[in-house]
Amino acid sequence: MGSLWHGFADMGAVTASGPFVVTRGDGTRIYDDKGNEYLDATAGLWFTNIGHGRTEVAEAVAKQLSTIAHYSNFGDFASDVTIELADRVAAIAPVEGSKVMFTLGGSDSVDSAYKLARRYWVEQGKPGKTIAVGRTKAYHGMHAAGTSLAGIPLNAEGYGEIIPDTETVDWDDAKALLGLIERIGADKIAAFFVEPIIGAGGVYLPPDGYLAEVRDICREHDILFIVDEVVTGFGRIGGGAWFASARFDLQPDMITTAKGLTSGYVPMGALIVSPRVAEPFFAGGTWFRHGYTYGGHNASAAAALANLDIIERENLLDGANRLESDLAQALSPLAELDSVAEVRTGLGAVSAVQLADPAKAMAAIGKLREHGVSGRAAGQGALQVSPAFVMTTEEVGELADRFAAALKEL
Ligand SMILES: Cc1ncc(COP(=O)(O)O)c(C=O)c1O
């Protein structure tokens with residue numbers, strides 16, 4: 001019938017060519033409606049960290065749904081499973097004593113962080129600190145604050161100004177942040193948002209020392225330092241760390257998360273808030289008038305707990321760490337191909353094969369499919385490679401071979 005309006009799509013083109021319909025998943029592979037098998041190069045949209053088809057998660061959700069599907073986490077209401085998950089996330093969070101507010105996804109987490117940053121400064125008697133600073137190439141989801149904050153111009157075009165109090169600095173230059181602070185004054189800046197690795201903007205690793213430098217600049221100028229770990233969180237950053245904030249010792253004021261929290265089995269995000277920012281709202285008498293009906297949904301919480309169990313039991317943090325070297329080794333030779341400009345690897349299970357001609361991105365995805373790979377382009381012709389943590393070394397080799405065969409035909 002063609003009724004489905006896809007996200008981020010030229011619907012005229014999709015209608016003309018027909019959708020790519022995925023009907024089943026198993027481990028690191030997916031299957032289309034014609035029964036064709038594909039290696040999943042991207043783990044969906046960077047989320048299926050434990051792999052597809054884990055019945056353990058499905059069973060945990062089914063059990064929860066038949067116990068009580070959901071009720072409320074507003075006011076003094078709470079669910080046992082949601083309390084348990086909050087404690088579990090706080091226990092692995094890089095800042096001790098953190099509080100956890102649940103959302104439905106990454107965009108919710110980012111916009112919640114933005115609002116909380118502004119409320120925090122009002123509580124501190126500094127209502128003039130309203131500006132949120134983001135970076136070029138950055139992606140922070142598609143709600144109002146995230147759209148305004150991000151640095152992918154096409155995504156913000158065609159609306160006029162959504163949120164005026166935002167500024168953008170170069171993604172790879174800590175001095176640019178310093179320059180902005182000197183120009184407009186730290187007394188006007190509420191927060192700086194940073195993705196540890198630029199994800200949807202094209203998969204760019206941070207320059208050496210960059211993250212620590214911007215952390216220090218934020219500290220020195222009393223600007224909240226908010227790390228967007230929607231992609232990197234829950235192990236994807238490698239190094240055996242749950243979060244990039246731990247791997248790089250960032251001690252952020254807030255961390256935004258989603259995807260890997262449930263491995264995408266059901267929607268859920270979490271905003272992890274440091275004691276410094278949470279304290280005024282836990283002291284009594286002051287609320288953060290914010291929350292979502294389905295924030296901390298029981299079924300999502302049950303899925304997240306089962307997902308974290310699997311990650312711990314199967315040492316999947318080590319799996320993501322192993323992928324760091326596996327991907328570097330297997331993908332690096334692709335840089336020799338005429339159609340490839342460079343290969344970006346080196347941090348956990350986040351990497352990309354950069355096409356020499358970004359205009360060939362759609363053609364490359366078509367070729368990948370012909371060779372049994374489900375792929376996706378980020379930024380300007382960067383073919384994202386971010387598999388599930390359960391992808392074996394042999395499968396990474398198979399993935400690289402299929403990439404090579406596809407890209408040679410481009
Ligand atoms: C860094 C980052 N922040 C936020 C988001 C938004 O997450 P969601 O699509 O779950 O709303 C994404 C999604 O890819 C992301 O990569």
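Atoms within a ligand are numbered from 1 in the order they appear, just like the ligands themselves. The structure presented is a predicted model; accordingly, all values stated were derived computationally and were not measured.
Within ligand 1, counting atoms from 1 as listed, the ones closer than 4.0 Å to a heavy atom of S107 are 6 (C), 7 (O), 8 (P), 11 (O).
The closest donor-acceptor contact from the side chain of R29 to the backbone of G25 lies at 3.5 Å or more, if one exists at all. The closest donor-acceptor contact from the side chain of R236 to the backbone of S386 lies under 3.5 Å.
A distance of 11.0 Å separates OH of Y31 from CG of D40, quoted to the nearest 0.5 Å. Rounding to the nearest 0.5 Å gives a distance of 7.5 Å between OG1 of T256 and CG of L271.
Of the protein's heavy atoms, D228 OD2, 2.7 Å lies nearest to atom 3 (N) of ligand 1. In terms of protein heavy atoms, atom 16 (O) of ligand 1 is closest to V231 CG2, 3.3 Å. The shortest contact between atom 15 (C) of ligand 1 and any protein heavy atom is with Y139 CD2, 3.6 Å.
Within the 4.5 Å cutoff, no side-chain heavy atoms of N73 are placed close to those of F102.
For the pair E195 and ligand 1, the shortest N or O to N or O distance does not fall below 3.5 Å. At least one N or O atom of G106 sits closer than 3.5 Å to an N or O atom of ligand 1. For ligand 1, the polar-atom distance check against H140 finds no nitrogen or oxygen pair separated by under 3.5 Å.
Contact analysis puts K259 in contact with ligand 1, with a non-hydrogen atom separation below 4.0 angstrom. Look at L45 and you'll find every heavy atom at least 4.0 Å from all atoms of ligand 1.
Between H297 and Y294, the two ring planes are tilted [angle within 30° to 60°].
Geometric assessment of R119 against the ring of F281 yields a negative cation-pi assignment under the 6.0 Å and 45° thresholds.
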